[in-house]
Amino acid sequence: MIERVEQPALEVEGLTVTYGREPALWNADLRLGQGALAAVVGPNGAGKSTLLKAALGVVPRVSGRVRVLGVDPARKRRLVAYVPQRSSVDWDFPTSVLDVVTMGTYGRLGWFRRPGRSERAAAMQALEQMEMADLAGRQIAELSGGQQQRVFLARALVQDAEVYFMDEPFAGVDAVTEQSIASLMGRLAQHGKTILSVHHDLATVPRYFEHAVLLNRAVQAVGTVKEVFHRSNLDRLYGGRVPADVPELASV
Ligand code: ADP
Ligand code: MG
């Protein structure tokens, strides 16, 4: 059983993706342990969303291998929950909040069973955790940005995954929602879940995350925030144009 304990929760090896001629993601290697809370940072177009999508298998990869607790996640979809970038979703789709969250149970149901009472109860519980239970009957199109994000997080929660991919979950949400997303991430990590989250705001990386993946088509560094989130690494990552003032970095 020792082997099992030492197995990384998420292992990405040599992941390469090409949409056109140039690779959007080049030979990405990444290992995260259970309970890791990791930010993916890098400039616009660096391949951050592509890294998540390719690891999930929703965009084709040229090469590479992904394992979640030693298993190919394409063979066991439930292992990875995905919160897509909010702006990439068609919110006009006529669906209720409860339906969106109940969809999160499909992975554990398998092909032939339809969600029933226990799945809807699990979805309601996840909505309660995100303080969205009273809006269960609403259409998703009618929600504010922060509420939509909470619904997506509830859908990820109900999946009861081992690894959570989140693409800019803090984008366009108010301060209260930002806090509840941050504490949800902390709780998941405490329960041994692994989180890989694209994060735009460099100033809050040290506050919300313990690990960082610095990405600009290739992975430039992976490690704890303490180890890799330094001015010199960020200057290299952003070509000398670090976009935000990062007070924590001033002395490093
Ligand atoms: P990031 O999330 O870091 O901003 P993306 O992973 O979205 O970057 O995109 C990386 C690069 O790949 C960008 O140059 C983007 O324009 C390109 N790209 C992303 N998705 C597609 C797609 N479906 N087809 C063609 N090019 C794409
Ligand atoms: Mg992106």
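Both ligands and their constituent atoms are indexed starting at 1 by order of listing.
Among the backbone and side-chain atoms of Ser49, an N, O or S atom lies under 2.8 Å from the Mg ion (ligand 2).
Gln148 places a side-chain N or O within donor-acceptor distance of the main-chain N or O of Ile140, the cut-off being under 3.5 Å. Between the Arg78 side chain and the Ala161 main chain, no donor and acceptor come within less than 3.5 Å of each other.
Defined by atom type and a distance below 3.5 Å, a donor-acceptor pair is missing between the side-chain atoms of Ser232 and Asp235.
Taking 4.5 Å as the limit, some side-chain heavy atom of Val100 sits within range of a side-chain heavy atom of Phe152.
Every protein residue with a heavy atom nearer than 4.0 Å to ligand 1 is included here: Tyr19, Ala24, Pro43, Asn44, Gly45, Ala46, Gly47, Lys48, Ser49, Thr50.
Taking CG from Leu37 and OG1 from Thr224, the interatomic distance works out to 12.5 Å, rounded to the nearest 0.5 Å.
Tracing side-chain contacts under 4.5 Å through hydrophobic residues (I, L, V, M, F, W, Y), one never reaches Val176 starting from Met130; they form parts of separate clusters.
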